[in-house]
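See below for the structure under consideration.
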Amino acid sequence: PATASGQSLDFLVLYPKDDGNWTGFSQLKYTVPQTNASQVDLMYATTYNQTQTTNSGTVALNLKHALSAISFKAKKESDNMTVKVSGIDLCKVKTAGTFAFPTVSTGNTNSDSYVNCWTLDDTSGTLSAGFSSTQNLTTSYQTINATDGVVMMLPQTLTAWVPANGGPEAATQTGAYLVIHCSAYSSGRYVIGGADNDNGLIYAPIEGEFKAGKHYELVMDFGLGYNDEGKPNRLMVDLTASIKSWSTEGFTPSPLYPN
């Protein structure tokens, strides 16, 4: 930068340019759009105290991811069942907050102070991964992300919805959960949902810390539960987490509950 002798400049960078979901600059008010088709990979960089002689007059900008990324992978346990998934919702998560640029340069790899830049609003909402077509599961793991990519979420610690037999519905509670829109067919009948994309709902309590710049892959195994006569009478799903290239962070797996 061309600065006068002894003067320095600070550089604050936000990418992409205004997508219609934020206001302000040094204090950034941001709302994550509900559907992943409208979401962006919000990134930022800071470089402080740059003078005309710093780095031969060039400015190094080390971009960081401001949000958490979530993707999905699934399989069925047997070829004797047909499982189709048409969408996944993350419910009771914080969707709005204020971002403040960190006070250290993001190129300072010895500092983690840039990680927690958010102050979240109290209001909770839903983030949806809608698929362009129904995902027909096989016995091998397959990515079932929407065609518009991963779901972007504000960094936050989720407290799980606590299901209770005969208790209040999940939507009336404060805990976080997934809703999986799906159908399952086995032994001549639908265990959940029905034909012609008539989907049932599976509810999954979810908890844990989701950090900025981390990519969490949720892995689902779909199987069947049986009655005392050995006939399938419900869809059972195991939920675990594996980690993609952004990070080595995970969260506590939770059981799934059909409704």
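A quick note: this is a predicted structure, and the numbers were derived from the prediction, not measured.
Residue Asn36 holds its CG atom at 9.5 Å from CG of Leu127, rounded to the nearest 0.5 Å. Summarising the geometry, atom CG belonging to Leu42 is positioned 10.5 Å from atom OH belonging to Tyr15; distances are rounded to the nearest 0.5 Å. With rounding to the nearest 0.5 angstrom, the CG atom of Asn80 is 6.5 Å from the OG atom of Ser186. Ser68 OG to Lys214 NZ: the interatomic distance, rounded to the nearest 0.5 Å, is 9.5 Å. Residue Ile180 holds its CD1 atom at 7.5 Å from CD1 of Ile144, rounded to the nearest 0.5 Å. How far OG of Ser183 is from CD1 of Ile192: 8.5 Å, rounded to the nearest 0.5 Å.
Every side chain to side chain contact (heavy atoms under 4.5 Å, CB included) that Asn49 has, sequence neighbours left out, goes to Ser8, Asp10. Under the side-chain hydrogen bond (donor to acceptor under 3.5 Å, both in side chains) criterion, Ser86 pairs with Asn199, sequence neighbours left out. Taking Asn136 as the reference, Thr82, Lys84 meet the side chain to side chain contact (heavy atoms under 4.5 Å, CB included) condition, with sequence neighbours excluded. Residues satisfying the salt bridge (charged side-chain N to carboxylate O under 4.0 Å, His left out) criterion with Asp121, sequence neighbours excluded, are Lys29. Taking Tyr185 as the reference, Tyr190 meet the ring pair (Phe, Tyr, Trp, His ring centres under 6.0 Å) condition, with sequence neighbours excluded. Residues forming a side chain to side chain contact (heavy atoms under 4.5 Å, CB included) with Ala37 (at least two apart in sequence, or on another chain): Thr35, Asp148. In this view, Phe72 satisfies the ring pair (Phe, Tyr, Trp, His ring centres under 6.0 Å) rule with no residue, not counting sequence neighbours. Taking the salt bridge (charged side-chain N to carboxylate O under 4.0 Å, His left out) definition, one finds that Lys75 meets it with Asp221, sequence neighbours left out. Judged as a salt bridge (charged side-chain N to carboxylate O under 4.0 Å, His left out), and not counting sequence neighbours, Asp89 has no contacts.
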Under 3.5 Å donor-acceptor pairs involving side-chain atoms of residues 151-159, not counting sequence neighbours:
residue: Gln156; atom: OE1; partner: Lys94; partner atom: N; Å: 2.9
residue: Gln156; atom: NE2; partner: Lys94; partner atom: O; Å: 3.0
residue: Gln156; atom: NE2; partner: Leu154; partner atom: O; Å: 2.9

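Checking side-chain atoms of Gln39 against main-chain N and O of Pro33 turns up a donor-acceptor pair under 3.5 Å. Although no hydrogens or angles enter the test, the distance criterion places no donor-acceptor pair under 3.5 Å between the side chain of Lys92 and the main chain of Trp161. Looking at Trp118, its side chain does come within 3.5 Å of a backbone N or O of Ala66 through a donor-acceptor pair. The main-chain N or O of Asn62 is found under 3.5 Å from a side-chain atom of Thr106 such that the two form a donor-acceptor pair. Ser105 places a side-chain N or O within 3.5 Å of a backbone atom of Tyr48 that can act as its donor or acceptor partner.
Residues Ser71 and Thr143 are not in side-chain contact: their nearest non-hydrogen atoms beyond the backbone lie 4.5 Å or more apart. Contact check for Cys91 versus Tyr203: no side-chain heavy atoms found under the 4.5 Å cut-off. In this structure the side chain of Leu201 reaches within 4.5 angstrom of the side chain of His181, judged on heavy atoms. Using a 4.5 Å heavy-atom cutoff, the side chains of Val179 and Thr126 are not in contact. You'll find the side chain of Met220 stays beyond 4.5 Å of the side chain of Val85, heavy atoms only.
The minimum heavy-atom distance linking Lys76 with Val83 is given by the pair CB-CG2, 4.2 Å. For the residue pair Lys73 and Tyr141, the shortest heavy atom distance occurs at CD-CB, 3.6 Å.
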- request: Apply side chain to side chain contact (heavy atoms under 4.5 Å, CB included) to the pair Asp79 and Thr139, showing each step before the final yes or no.
  value: CA-CA 7 Å; Asp79 281 327; Thr139 53; 3.4 Å; yes
task: Go through the steps to decide whether Phe210 and Ile70 satisfy the test side chain to side chain contact (heavy atoms under 4.5 Å, CB included), and finish with yes or no.
output: CA-CA 9 Å; Phe210 292 79; Ile70 299 175; 4.2 Å; yes
